[in-house]
Amino acid sequence: MRPYELTLTAAAHAIGDRELSPVELIDSVLERVAEVDSGLGAYALVTADRARAAAVRAEGEIAAGALRGPLHGVPYALKDLLDVAGLPTTASSRVRAGHRADTDSAVASRLAAAGGALVGKTHTHEFAYGLITPQTVNAVDPGRVAGGSSGGSAVAVASGTATFALGTDTGGSIRVSAALNGVVGLKPTHELVPRDGVVPLSWSLDHVGPITRTVADAALVLAALTGREYAPSAEIVGLRVGVPRNFYFEHVNPEVDSAVRAAIARLESLGARLVEVEVPMARYIQATQWGLMMSEASAYHERTLRTVPDLYTEDVRALLLAGEVLTAEDYLRAQRARTLMRQEWLRLLDTVDVVAAPSSALTAVPVGQKEVIWPDGTTESVPHAYARLSPPANITGLPALNVPVGHDSDGLPIGMQLIGGPYAEGVLLGVGLAYERL
């Protein structure tokens, strides 16, 4: 096994035991970047010299007995919405060409304090306003889409060009990207991970979280981002798993449906108790998500949309212009609906510990595919299909974890999302760990 193939947990143990040096690890990862990223397009910027300098510094500190923790000397990537002092933050947009950050984002500062080695900044759908990431292709099948908007971060982790990465999730961007590339993605409770120095899409829906190869890795990164310890237990006997009877399994690819239901059955075999649940206010989910997101995104981009509209890509410009049509009354209705929806989800989570459902209705479609036709003849755009199952966790601010649960007949990854109560990341990680160990 080459060092770039190691999970974060394995790399941390090897570095701590002096069986692997941070310099060896970063060199292996940078060699992997040179080997595959030109064909995958995960990175907007590679900071090789910076990464090597961090690895050399980490090696010296560890040799002196000053090991900072499990991230010390480990290579990682940041979605190109997250500021790092002196580096561009372009949000994969010509609108921000030439921009350089003056200070670190809160998360970049915390990862630097943990001793991590930044490999580079990863591509996003422009300003995170989409579920495709057009510059990047799928790590499993380069003829397929990577998902988005954290597609670059997910592909970097899945392809071995970063040991872990950070993404953002406004309407599923961490979970969908992770699901389509066969990695773990965690959207934490809203504002558990600070968003200072992160280019916003929709400030009341945005979340920052880790993308990793394993659930245990996600726990380590979350601890570094929050200053809290996470030691998830894989013991789930008696844990109540909610299985939705509506919404989440409607218009879902049959292979996705089968894989997620099989994964839920495996949780039951480990001692979990399955409870059928009704997803509250399902008919209002999409309207509430878009009423909040479009209004807030258009407000943020108001000035540049007036002064440099042609610098936006066509799809993002159209969404921003559409958002300007919404009224204050529309936005307030969406806010009221959000309050009611959160209350109803909290009531639901009084009856179960987690809700288990597909992360995405589809696996990775071929690059360029625009629509999907469901067995009942219904036609849906691919971006809408990818975005449809994610919003409840964003609207309510509840934590959600994507766990890989198999592959379809084309060998493409399938993901299951676990949704829990506020600050129940430890519970989600425990359930994910229990499944992963099978």
task = Taking Thr47 for its side chain and Val119 for its backbone only, find out whether a donor-acceptor pair lies under 3.5 Å.
result = yes

Salt bridge present between Arg110 and Asp104 (N-O < 4.0 angstrom) = no

message = Can you confirm whether Pro413 sits close enough to Val140 that some side-chain heavy atom of one is under 4.5 Å from a side-chain heavy atom of the other?
response = yes

key: Carboxylate-amine/guanidinium proximity below 4.0 Å for Arg195 and Glu191   = yes

ask   = Which atom pair, heavy atoms only, marks the closest approach of Gly86 to Arg100?
value = O-NH1, 2.7 Å

task = Could you tell me whether the side chain of Ser409 reaches within less than 4.5 Å of the side chain of Glu255, counting heavy atoms only?
result = yes

message = With side chain to side chain donor-acceptor pair (under 3.5 Å) as the criterion, how do Thr9 and Arg213 come out once you've worked through the C-alpha distance, each side chain's angles and the decisive distance to 0.1 Å?
response = CA-CA 10 Å; Thr9 303; Arg213 292 182 197 147; over 6 Å; no

key: Pairing residues for Thr396 by the side chain to side chain donor-acceptor pair (under 3.5 Å) criterion, not counting sequence neighbours   = none

message = Can a side-chain donor-acceptor contact be found between Ser92 and Glu126 if the only test is distance below 3.5 angstrom?
response = no

request  = State which residues pass side chain to side chain donor-acceptor pair (under 3.5 Å) with Asp350; sequence neighbours excluded, sorted by chain then number.
outcome  = none

query = Between Glu344 and Arg347, does at least one N-O distance fall below 4.0 Å, as a salt bridge requires?
reply = yes

key: Side-chain donor-acceptor contact under 3.5 Å, Lys79 with Thr168   = yes

ask   = Are Asn402 and Gln417 close enough, and set up right, to give a side chain to side chain donor-acceptor pair (under 3.5 Å), and what steps lead you there?
value = CA-CA 4 Å; Asn402 173 74; Gln417 67 173 318; over 6 Å; no

request  = Taking atom types as modelled, find out whether Arg94 and Thr313 have a side-chain donor-acceptor pair closer than 3.5 angstrom.
outcome  = no

key: Gap between atom CG of Asp310 and atom CZ of Arg317 - 0.5 Å precision   = 6.0 Å

inquiry  = Main chain of Leu320, side chain of Ser298: is a donor-acceptor contact present, judged purely on distance under 3.5 Å?
reply    = yes

query = So, does Asn181 use its side chain to make a donor-acceptor pair with the main chain of Ala146 at under 3.5 Å?
reply = yes

request  = Of all the heavy-atom pairs spanning Pro188 and Gly209, show the shortest one and how long it is.
outcome  = CD-CA, 3.8 Å

Result block: side-chain N/O donor-acceptor pairs under 3.5 angstrom for residues 428-438, not counting sequence neighbours:
from   : atom 1 : to     : atom 2 : distance (Å)
Glu436 : OE1    : Val215 : N      : 3.2
Glu436 : OE2    : Val215 : N      : 2.9

query = Listed by chain and number, what are the ring pair (Phe, Tyr, Trp, His ring centres under 6.0 Å) partners of His190, not counting sequence neighbours?
reply = His207

ask   = Which atoms form the tightest heavy-atom contact between Ala178 and Ala154, and what is the distance?
value = N-CB, 4.1 Å

task = Kindly give the heavy-atom pair with the smallest separation between Val176 and Ser359, and that separation in Å.
result = CG2-O, 4.1 Å

remark   = Smallest heavy-atom separation, Ala364 atom then Val145 atom, equals CB-O, 3.5 Å

query = Between the side chains of Tyr300 and Ser202, does any donor sit under 3.5 Å from an acceptor?
reply = no

request  = Please name all residues satisfying side chain to side chain donor-acceptor pair (under 3.5 Å) with Asp196, sequence neighbours left out, ordered by chain then number.
outcome  = none

key: Side-chain donor or acceptor of Ser150 paired with backbone N/O of Ser153 under 3.5 Å   = no

Flag side-chain contact, heavy atom, 4.5 Å: Val155 against Asn138 = no

ask   = How long is the span from the OH atom in Tyr423 to the CD atom in Glu425, to the nearest 0.5 Å?
value = 8.5 Å

message = Are the side chains of Val279 and Ile285 in contact, using a 4.5 Å heavy-atom criterion?
response = yes

task = Identify, with sequence neighbours excluded, every residue that meets ring pair (Phe, Tyr, Trp, His ring centres under 6.0 Å) alongside Phe164.
result = Tyr76

query = Who pairs with Trp203 by ring pair (Phe, Tyr, Trp, His ring centres under 6.0 Å), at least two apart in sequence or on another chain?
reply = none

task = Assess whether atom CZ of Arg273 is packed by more than 12 heavy atoms of other residues, nucleotides or ligands within 6.0 Å.
result = no

query = Would Thr161 and Ser159 count as having a side-chain donor-acceptor pair, cut-off 3.5 Å?
reply = yes

ask   = Donor-acceptor pair, Glu324 side chain versus Leu321 backbone, under 3.5 Å?
value = no

task = Answer yes if the side chains of Ser149 and Ser173 hold a donor-acceptor pair under 3.5 Å, and no otherwise.
result = yes

task = Rounded to the nearest 0.5 Å, what's the gap from CD1 on Ile211 to CG on Leu186? Could you check?
result = 10.0 Å

query = Does a donor on one side chain and an acceptor on the other come within less than 3.5 Å for Asp408 and Thr363?
reply = yes

key: Asp83-Thr89 side chain donor-acceptor pair, cut-off 3.5 Å   = yes

Criterion side chain to side chain contact (heavy atoms under 4.5 Å, CB included) on Leu340 and Arg336, from CA distance to verdict = CA-CA 6 Å; Leu340 294 172; Arg336 286 196 291 268; 5.6 Å; no

ask   = Do the side chains of Leu311 and Ser93 get nearer than 4.5 Å, heavy atoms only?
value = no

Validation row: Pro399, Ile419 side chains within 4.5 angstrom (heavy atoms) = no

request  = Go through the structure and list residues passing side-chain contact (heavy atoms from CB on, under 4.5 Å) with Asp37, not counting sequence neighbours.
outcome  = Val33, Leu40, Ala42, Tyr43

Nearest-0.5 Å distance, NZ of residue Lys187 to OG1 of residue Thr170 = 10.0 Å

task = Only pairs at least two apart or in different chains count here, so list each side chain to side chain donor-acceptor pair (under 3.5 Å) that has a residue in residues 230-244.
result = Arg240-Asp353

ask   = Given side chains that start at C-beta, do those of Thr189 and Leu398 come closer than 4.5 Å, heavy atoms only?
value = no

Tyr331: side chain to side chain donor-acceptor pair (under 3.5 Å) partners, not counting sequence neighbours = Glu296, Gln335

note = Rounded to the nearest 0.5 angstrom, the NE2-OH distance for His301 and Tyr129 is 8.5 Å

request  = Could you tell me whether the side chains of Asn394 and Asp169 share a donor-acceptor contact shorter than 3.5 Å?
outcome  = yes

request  = Assess the side chains of Thr7 and Thr214: does a donor N or O sit below 3.5 Å from an acceptor N or O?
outcome  = no

key: Distance (rounded to the nearest 0.5 Å) between Leu30 CG and Arg32 CZ   = 13.0 Å

inquiry  = Considering only residues two or more places apart or on different chains, which pairs with a residue in residues 257-272 satisfy side chain to side chain donor-acceptor pair (under 3.5 Å)?
reply    = Asp257-Arg261

key: Side chain proximity check, Gln289 to Leu205, heavy atoms < 4.5 angstrom   = yes

ask   = Could you give all pairs that pass the side chain to side chain donor-acceptor pair (under 3.5 Å) test and reach residues 375-387, with sequence neighbours left out?
value = His251-Asp376, Trp374-Glu380, Asp376-Thr378, Glu380-His384, Glu380-Arg388

Closest non-hydrogen atom pair between Gly148 and Thr133, with its separation = CA-OG1, 3.2 Å

